[in-house]
Number of protein chains: 2
Amino acid sequence: MTSDVLSTEAPEAQAETDGRHVRGDRTRQALLEAAFSEIYEQGFRSARLNEIVARAGCTKGSLYHHFPDKHALGLAAADEFIGAYIREVWIEPLGEAADPLAAIRAIIERHAEGGVGVDPRFGCPYQNLSQELSGIDAGFQEIFTGLFERWRNAVADALTRGQTAGAVRRDIDPQCVATLIVASHQGVVSMIKATQDLDVGHAAATAFFGYLESLRP
Amino acid sequence: MTSDVLSTEAPEAQAETDGRHVRGDRTRQALLEAAFSEIYEQGFRSARLNEIVARAGCTKGSLYHHFPDKHALGLAAADEFIGAYIREVWIEPLGEAADPLAAIRAIIERHAEGGVGVDPRFGCPYQNLSQELSGIDAGFQEIFTGLFERWRNAVADALTRGQTAGAVRRDIDPQCVATLIVASHQGVVSMIKATQDLDVGHAAATAFFGYLESLRP
DNA sequence: TCAAACATACCAACCGGTCGGTTTGTTTAA
DNA sequence: TTAAACAAACCGACCGGTTGGTATGTTTGA
């Protein structure tokens, strides 16, 4: 794992077995982490189970003891790690923000500094997986829709609170603007990946910050 | 091909062989079209050569007569069809526009009406391929960078002309704003695909049109 | 006639998944 | 205390099917 924010630093001894079978839980967690990074880099369909078990330091037998098949492994990994990423990087910082526009700007700047564990070379994990599997796989589809809903609502709620606090223009629709903000961010990250050029991100960020300012009263 | 704009309606008798070998050119074109739609729907790595030759109505022998390998076929298909899409939908309409902001709005609305051959179920071809292969494959990388450069410059040039014509604010950087516009559009299309929900596009479009208005003097 | 164009049969490599068997750790009972 | 009994965890060889690519022969058109 290159990321710190994308890893689940669970105390590893609070599983359903109540502290027993610690070894099994460790293996399961290692498989999830290995699966996530392999899927993050290669995509789900190109992710190799042999590579995953090699990274996790176990074998096919272990994998199929903990998960019924590749699909279930991918679902579990995506749900856990991508959900954690959106929660820690977007939802939590926005939940406490008095000035939502400044908070959003700070999140973008944190991305530009590389402080969120998103490798420009591989792009955004949410983006990668949803692009590959949306419209094809119902299970992943459900995860993406749910994550996006929580993500957009967090931004929209922050904007609404900003409106009542007088920090955001009252004549804009928070839901619409939140959708555009999330989509734009996704688009910029994907553009950086497409061009492999960080300057694209800086240029887009300059214009994006101008847009944020235009939302002030 | 579901699209009309994505097809190259070349008169098919102006190839390098100067009118001779018409049959061979037709097969080559059929292979390119089949390869593009298969890659568009499945991604490059998951695209099956057997499926491509079946759609093109020929066999492996023909394919490997015209192209050295799968990679070269994919490069040729991507360069031709995605380049044509960006040219016809973005560059040409912007080249003649007196009011660039209105032209950009019209392009977005044309997308929303489904008039550009981009199936929401499969997303934007440029987006799909660049997400899958950027940072991994140097050949495709080169194509994506070049296409993006022409795309962004077309928008930036239109904005600059709009500035001199008094239709666009003079205190914005056309290059930065153009980058954000292209990236946002990409992000919205990808969000529609991720959620499989056209309402997301409508919400984002509403806010996006507001942003465009904020660019007027 | 001859080369371009195309078809058919085929191969080696790979991948997801299976299966019989082994190791490790916990529970039970004398 | 300890050893038998049991179950969870793990191993790695193996299988059926698929895929990109090749070898070889046939057709077509100038």
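Residue numbers start from 1 in every chain, and the chains themselves are labelled A, B, ... in the order their sequence lines are given, proteins ahead of strands. Computed from heavy atoms alone, side chains included, the values below leave out hydrogens, waters and symmetry copies.
Nearest nucleotide to the side chain of Tyr64(A), out of dG17(C), dG21(D), dC11(D): dG17(C). Between dG12(D), dG17(C), dC6(C), one nucleotide has an atom nearer to the side chain of Thr59(A) than all others, and that is dG12(D).
Atom NE2 in His71(A) sits roughly 20 Å away from atom P in dC15(C) (whole-Å rounding). Across the protein-nucleic acid pair, Lys70(A) atom NZ and dG17(C) atom C1' stand 12 Å apart, rounded to whole Å. Between the CD atom of Gln29(B) and the P atom of dC6(C) there is a distance of 13 Å, given to the nearest Å. Distance Arg28(A) CZ to dC10(D) C1': 16 Å, rounded to the nearest Å. Atom CZ of Arg48(B) is separated from atom C1' of dC15(C) by 11 Å (rounded to the nearest Å). One interatomic measurement links the two molecules: CG of Leu63(A) to P of dC19(C), which rounds to 16 Å at whole-angstrom precision. Rounded to a whole Å, the CG atom of Leu49(B) is 15 Å from the C1' atom of dC14(C). Spacing between atom CD1 of Ile52(B) and atom P of dG20(D) amounts to 8 Å, rounded to whole angstrom units.
Proximity of His65(B) to the phosphate of dA5(C): a side-chain N or O atom is located under 4.0 Å from OP1 or OP2. At the phosphate of dA8(D), neither OP1 nor OP2 sits under 4.0 Å from any side-chain N or O atom of His66(A).
Counting distance only, with no hydrogens placed and no angle test, the side-chain atoms of Lys60(B) and the base atoms of dG21(D) include a donor-acceptor pair under 3.5 Å.
Judged by distance alone, with hydrogens and angles left aside, the side-chain atoms of Gln175(A) form no donor-acceptor pair with the main-chain N or O of Ala203(B) at under 3.5 Å. Formation of a donor-acceptor pair under 3.5 Å by the Gln131(B) side chain with backbone atoms of Tyr126(B) is not found in this model.
In terms of position along DNA chain C, the nucleotide closest to Cys58(B) lies nearer the 5' end than the nucleotide closest to the other residue of the pair Ser46(A) and Cys58(B). Mapped onto DNA chain C by nearest heavy atom, Gly61(A) and Asn50(A) fall at different nucleotides, with Asn50(A) at the one closer to the 5' end.
Ring geometry, Trp151(A) versus Trp90(A): the interplanar angle falls from 30° to 60°, so the pair is classed tilted. A parallel orientation is assigned to the rings of Phe36(A) and Tyr40(A), their planes being inclined by less than 30° (bins at 30° and 60°).
Ala56(B) comes within 4.0 angstrom of nothing in the nucleic acid, heavy atoms only.
The local environment of CD in Glu142(B) is sparse, with at most 12 non-hydrogen atoms from other residues, nucleotides or ligands closer than 6.0 Å.
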